[in-house]
Structures are given as C-alpha cells and as structure tokens.
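Following: one structure in structure tokens, then a few remarks.
Only heavy atoms go into these numbers, but all of them, side chains included; no hydrogens, no water, no symmetry mates. Computed from a prediction, not measured in an experiment: that's the story for all the values here. Position 1 is the first residue of the sequence; numbering continues from there.
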Amino acid sequence: MNCSDKKPDDKIRIVATTGMIGDVLASCLDTQAIVQVLMKPGVDPHLYKATAGDVSLLLNADIIVHNGLHLEGKMGEVLKKLSSKKIVIAMSDQLPMHQLRKIDGAHDPHLWFDVALWTTSLQGVLKQIKRHYPALIEHSTVRISNYVQKLYALDRHVDSTIAIIPKKRRILITAHDAFGYFGRAYDIQVIGLQGMSTLSDFGMNDLMRIGDLIIQNNVKSIFVEMSIAPRSMEALLHNVHSRGGAVNIGGNLYADALDSPNTKAGTYIGMFEHNVSTIQKALQ
Ligand SMILES: [Zn+2]
C-alpha cells in the first residue's frame, strides 16, 4: 500500500502506546504527521487496559506503533485485531532476536533503556513508515538526522556518567526488572524486587535475598519508580534497617512512563538525563 497520494493538507495520524515511543516519533517527524500517545504520564503499561476512547483513537489512526514483547500485556487482543485493518508496527520487531534479553524464557520488553538499541528500533519503525508514506519521511530527513545525533550524544553521556561511579558501587536496585537493558549497555548490575512485569509480586524471600545483598555490598541507595507505588521499596528499606543495615532511597526514577509533557522528564532524552543524574549522585 502506498498512501503518498494523500492530499497535502491531510495529516497522517500516528498513535503510539507509550510516551517513550510517542516522543521519539514526534521528535523525528515533520508536522505533516500528528503523533498521539495512548497512555498518560506515569501510567504502568503492564497493567494498562484500552478504554473505549482509546479504541476510537486507534480506529482513527493511520499508523499504530507499540512496544511489543508483551509490554502492553493487556492490549494484546486489541492490537492483534487492529493489525488486520491498520498499519501496526512494533518497536521490538525492528531488532534481531539475539539483541533481546531473555529471562526465564520470556523476552524483556524494556528496550528503551539502551539508547543505541532504541535508536535502532526507531530507525526501523521510520523505515516501515516510509514504505507507506514516503513523502512524510523525505520531508522529515533533516529532523530525523538531527534527532538521531542527539540520541547518539545521549548514549555517550549515559556511558560516561555511569562510569564515574566506582565499579564496586555500580548496583542499581529498583522496584521491578525494568533496567536490564540499561545494566547491560552501561555496565551496572541491576536488581529488581518484582519480576519483569509489575503483575508479579514479591515475597519475604525476595526481601531477605536483596536485603542481604545490600548489607554485604554496603549499597548506599535504592530507587523508587515513578509509575509504581513506593511500598515495595519501603518494605526493603525496613528489612535492611531492622537488621542494622544502612540504606536510603536515592531518588525517584522513571521506568515505564515519561513525566507530563512540558516538564523536563516529559521527553525521552529528559527522562534519561534525570535517571542517570539521580543514579550517579546517589551511588557515587
Ligand atoms: Zn516494566
């Protein structure tokens, strides 16, 4: 299907499931495209269910871009149905399988935490969009090139900032396993109290196991995630304190959602800069 014969005043409507996807697409694409985001700031994508309003937004879209690998676990059926009548593209489908993290037989969906990997996914999605709307991508060439340069600069910035933390203190403990790609890309050990999806819960064994690790390694700080209630990390804090250990909350990290638009962490790059600066200051 080639849709480049659309009238010039016709906007191409793109609906992205998460803010991380919507922001990178909006940063790349010419104003001929309108990018809308389904999930509001701070929303947990693992638990998100499409509302009636979402379904009509999706039905009016020309292109739907989602993360894939079951990040949008409760939207699977809706996306599957739409794929028979809409252009539906997954960020994860743009990557070779061997680059995906696999834990207990399931692929880790939190791809955006490796900037280089996310950039490759973005470029793959833009290539898919070009097949259907070549004029849009041609008009966006300069924007795409400028934004990709910013992403490469971000990747180098994250790398050099994490490298400031002494190697033995590079242990990142968060509420759920969202930072696996981050750890792999930027050489920091990552531990999540809950599993890869926030649907899984944690038990006393998990608290004791991670509490032991904190005490043995003198970990200074653990981190709360913005889109998850802080009770899990508070339970871990109490566990360590009750055994005479000393650990604090090092700050709030954005894991599976951006902040509100027009705030610093309302963009993919701003969110990353906030996280990396928070981690470096707390662990250094
Ligand atoms: Zn997650």
Check your understanding: Please walk me through it: do Q280 and T161 pass side-chain hydrogen bond (donor to acceptor under 3.5 Å, both in side chains)?
Key -> CA-CA 7 Å; Q280 185 247 320; T161 307; 5.7 Å; no
**Study point:** Any donor-acceptor N/O pair, K11 side chain to T31 backbone, under 3.5 Å
**Key:** yes
Point to revise | H132 and I63, any side-chain heavy atoms less than 4.5 Å apart | key: no
Review point. Can you get from M97 to L69 by hopping between Ile, Leu, Val, Met, Phe, Trp and Tyr side chains that sit under 4.5 Å apart?
Key: yes
Practice item. Report yes or no: does R143 contribute a side-chain atom to a donor-acceptor pair with the main-chain N or O of L29 at less than 3.5 Å? Key: yes
Review point. Once you round to the nearest 0.5 Å, how far does CD of E138 lie from NZ of K130?
Key: 6.0 Å
Exercise for review: Give the other cluster members for I215, using side-chain heavy-atom distances under 4.5 Å between Ile, Leu, Val, Met, Phe, Trp and Tyr residues; answer none if it is isolated.
Suggested key: I171, I173, I191, L193, F202, M204, L207, M208, I210, L213, I214, V219, I222, V224, M233, L236, L237, V240, V247, I249
Review point. Do L122 and L151 come within less than 4.5 Å of each other through their side chains, counting heavy atoms only?
Key: yes
Review point. Measuring from L71:CG to L111:CG, what's the distance to the nearest 0.5 Å?
Key: 8.5 Å
Review point. Is there a donor-acceptor pair closer than 3.5 Å between any side-chain N or O of S27 and the backbone N or O of D23?
Key: yes
Exercise for review: State whether the side chain of S260 and the backbone N or O of T263 hold a donor-acceptor pair below 3.5 Å, judged by distance alone.
Suggested key: no
Check your understanding: In Å and rounded to the nearest 0.5 Å, what is the CG to CD1 distance from L253 to I279?
Key -> 5.0 Å
Review point. Is the number of heavy atoms from other residues, nucleotides or ligands under 6.0 Å of K86 NZ greater than 12?
Key: yes
Practice item. Please indicate whether H157 has more than 12 foreign heavy atoms, meaning atoms of other residues, nucleotides or ligands, lying under 6.0 Å from its NE2. Key: yes
Check your understanding: Roughly how far, to the nearest 0.5 Å, is CD1 of I12 from CD1 of I87?
Key -> 9.5 Å
Review point. Taking 4.0 angstrom as the limit, do K49 and D54 come out as a salt bridge?
Key: no
Check your understanding: In terms of hydrophobic clusters joined by side-chain contacts under 4.5 Å, are I228 and F223 together?
Key -> no
Review point. Going by heavy atoms in the side chains, are M91 and V125 under 4.5 Å from each other?
Key: yes
Exercise for review: For the pair Y181 (side chain) and R101 (backbone), establish whether a donor and an acceptor sit closer than 3.5 Å, ignoring hydrogens and angles.
Suggested key: yes
Review point. Backbone N or O of A255 within a donor-acceptor pair of the W112 side chain at under 3.5 Å?
Key: yes
Exercise for review: Report the C-alpha distance between K167 and D187 in whole Å, list the side-chain angles of each, state the deciding distance to 0.1 Å, and finish with yes or no for salt bridge (charged side-chain N to carboxylate O under 4.0 Å, His left out).
Suggested key: CA-CA 9 Å; K167 179 89 179 166; D187 193 20; 2.8 Å; yes
Exercise for review: Verify the cluster assignment for I89 and I14: are they in a single hydrophobic cluster under the rule of side-chain heavy atoms below 4.5 Å apart?
Suggested key: yes
Study note, to complete from the structure: In short, H46 meets D256 closest at the heavy-atom pair NE2-OD2, 2.9 Å
Review point. For the rings on F113 and F272, is their centre-to-centre separation under 6.0 Å?
Key: yes
Practice item. Please name all residues satisfying side-chain hydrogen bond (donor to acceptor under 3.5 Å, both in side chains) with R243, sequence neighbours left out, ordered by chain then number. Key: D212, N239
**Study point:** Residues that, via side-chain heavy atoms closer than 4.5 angstrom, fall in one hydrophobic cluster with V55
**Key:** V15, L38, M39, V43, Y48, L57, L58, L59, I64, M75, V78, L79, L82, V88
Review point. Atom CG in N252, atom CE in M226: separation rounded to 0.5 Å?
Key: 4.0 Å
Practice item. If the plane angle is over 60° it's perpendicular, under 30° parallel, otherwise tilted; pick one for H110 and H176. Key: perpendicular
Review point. Does any N or O in the side chain of S121 come within less than 3.5 Å of the main-chain N or O of S92, such that one atom is a donor and the other an acceptor?
Key: no
Practice item. Keeping the roles fixed (side chain from N275, backbone from Y254), state whether a donor-acceptor pair exists under 3.5 Å. Key: yes
Review point. Do V24 and I269 come within less than 4.5 Å of each other through their side chains, counting heavy atoms only?
Key: no
Practice item. Treat each ILVMFWY residue as a node, draw an edge where side-chain heavy atoms are under 4.5 Å apart, and state whether Y147 and Y152 are in one component. Key: yes
Check your understanding: Would the number of heavy atoms belonging to other residues, nucleotides or ligands and lying under 6.0 Å from NZ of K127 be above 12?
Key -> no
**Study point:** Same apolar cluster: V65 and V37, side chain cutoff 4.5 Å
**Key:** no
Point to revise | Distance in Å, L154 CG paired with Y268 OH, rounded so as to fall on 0.5 Å steps | key: 6.0 Å
**Study point:** Backbone N/O of A135 and side chain of H139: donor-acceptor pair under 3.5 Å
**Key:** yes
Review point. Where the side chain of E225 meets the backbone of T174, is there a donor-acceptor pair that is under 3.5 Å apart?
Key: no
